[in-house]
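Predicted model only: the values in this text are computed from it and were never measured. In what follows, chains carry the letters A, B, and so on, assigned in the order in which the sequence lines appear, proteins first and then strands, with residues in each chain numbered from 1.
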2 protein chains.
Amino acid sequence: MALITEKFLRNIMAQQKLSKEFLLQEGDKLTPSAKDFLMDRKISIVQPGSSESAPHLRLTIPVGVSNRHVHLTEKHFHVLFGETEGVTELRPLSQPGQFAARETVTIVGPSGVIRNVRILGPFRGLTQVEISRTDGFTLGIHPQVRLSGSIDGTPGITLVGPEGAVTLQEGLIVAKNHVHMSGADAQRFDVKHGDSLMLGSEERRVIFQDVIVRVKDSYILDFHVDQDEANAAGLSTGDRVVVLGKNRRFYSPYLGVLPDG
Amino acid sequence: MALITEKFLRNIMAQQKLSKEFLLQEGDKLTPSAKDFLMDRKISIVQPGSSESAPHLRLTIPVGVSNRHVHLTEKHFHVLFGETEGVTELRPLSQPGQFAARETVTIVGPSGVIRNVRILGPFRGLTQVEISRTDGFTLGIHPQVRLSGSIDGTPGITLVGPEGAVTLQEGLIVAKNHVHMSGADAQRFDVKHGDSLMLGSEERRVIFQDVIVRVKDSYILDFHVDQDEANAAGLSTGDRVVVLGKNRRFYSPYLGVLPDG
């Protein structure tokens with residue numbers, strides 16, 4: 001992304017020791033004197049995407065943006081929709097077996113209502129409603145950020161369908177961002193289930209510094225964020241974020257270069 | 001935020017050299033053996049907020065969340081509101097002389113309308129409309145992220161007031177996040193006008209990695225984000241973010257501690 005000059009490298013060195021590898025990013029160019037400067041100090045110059053680069057360098061993960069949605073128990077579905085056959089699939093989601101249903105509900109909070117909230121299938125053992133913090137202002141209710149499935153002590157909410165309504169005692173969350181990956185991907189990223197990744201968006205320059213890793217062999221690699229996070233980071237489904245570190249430690253303190261000046 | 005054990009420190013050391021100072025964060029506790037471990041290695045233990053800590057360590061900046069708003073030229077104001085005396089002040093903003101006006105306008109895009117959009121005063125030389133990316137979906141128009149005042153080539157939008165309407169040819173932006181600070185603050189933070197800061201929210205663990213510094217002696221220290229950024233980071237006006245680095249380089253690759261386990 002930039003022309004890297006000797007002066008720029010000297011500026012970095014004035015503030016920190018350079019590591020044994022100098023990692024170029026896509027589009028970076030070194031001036032001849034900058035190249036000599038690195039070679040004199042026996043610092044290897046690593047090309048972007050090079051096989052010499054460490055496994056974590058410039059690895060990226062595709063983004064999936066989740067809009068507000070509801071997971072239902074079979075029982076709650078039938079309260080809301082009556083004695084129908086069950087949910088019907090509108091389209092599959094990124095994770096195998098998961099789908100967006102044709103059916104939607106209205107969610108009702110103390111100060112507002114959100115219509116056409118998509119049900120995701122298949123049925124689950126607990127009903128859970130995932131909204132953004134923005135939606136919380138519409139509804140007048142401000143749930144905590146939680147990993148899916150962790151609904152202990154969260155607020156309730158009312159769901160309304162064409163045939164009935166359900167008032168939950170708990171189950172309303174803002175979803176904690178997380179990455180799904182297979183065991184093979186976990187090896188490639190050098191992480192295990194429960195680790196925390198640091199992922200950077202280059203579009204609007206935000207880093208998600210505590211993204212929980214969920215590993216299962218059937219999982220497809222996908223970084224799940226909600227609509228607020230996507231908007232703040234300028235991300236859309238299918239964009240990619242860069243892996244910058246894990247467990248609250250960056251692989252490098254140095255996030256690419258700014259033009260020299 | 002955590003109990004720091006000897007095992008935890010050894011884990012860090014296995015991956016990187018500890019610096020000469022070990023910086024405690026608010027609420028961190030060292031076990032006796034962890035304390036001995038550091039003292040044996042002549043690593044000083046720096047208490048949070050201690051005068052011994054380096055100038056940049058644990059410096060924080062208060063957050064100001066900007067909702068969508070409009071800056072108007074005097075001429076456009078009179079088209080929208082007729083021959084009145086001018087804007088009237090509802091309440092002052094954080095920067096001296098700036099205020100939220102009682103008057104609001106409706107902004108109209110190709111696929112939607114947003115009502116009650118606040119005018120900020122005083123009048124400016126150019127009319128500019130600042131919305132969030134979320135608002136862009138409502139309006140059906142997706143402006144670039146730009147610093148205030150930099151509206152060249154941005155999309156236009158229609159503003160409607162009680163007495164008339166204005167269709168701008170350009171001036172619709174998503175505001176780039178930035179920090180206002182005085183010259184004295186710039187010294188304290190060791191930055192200059194135009195530098196880029198890396199600021200972390202501890203609430204929802206997001207880092208804004210390219211926050212532009214704007215220095216002027218009359219400025220009050222304030223980090224301006226829009227509603228999407230605030231929601232993604234779990235921030236409200238008056239919260240504080242931590243300074244983690246500048247010009248794309250972190251002061252430390254290590255962002256505090258996770259509980260040992």
Can you find a heavy atom in the side chain of B:R204 that is under 4.5 Å from one in the side chain of A:V174? yes
With a 4.5 angstrom heavy-atom cut-off, is it the side chain or the backbone of A:V145 that approaches chain B, or both, or neither? side chain
Is the backbone of B:D228 close enough, under 3.5 Å, to the side chain of A:R133 for a donor and an acceptor to pair up by distance? no
From CD (A:Q209) to CD (B:Q209), nearest 0.5 Å: 11.5 Å
Using non-hydrogen atoms only, which part of A:S132 is less than 4.5 Å away from chain B: side chain, backbone, both, or neither? neither
Drop me the distance from A:F250's CZ to B:I207's CD1, to the nearest 0.5 angstrom. 4.0 Å
Flag, side chain of A:R205 to backbone of B:V211, donor-acceptor distance under 3.5 Å: no
Side chain, backbone, both or neither of B:N177 within contact of chain A (heavy atoms, under 4.5 Å): neither
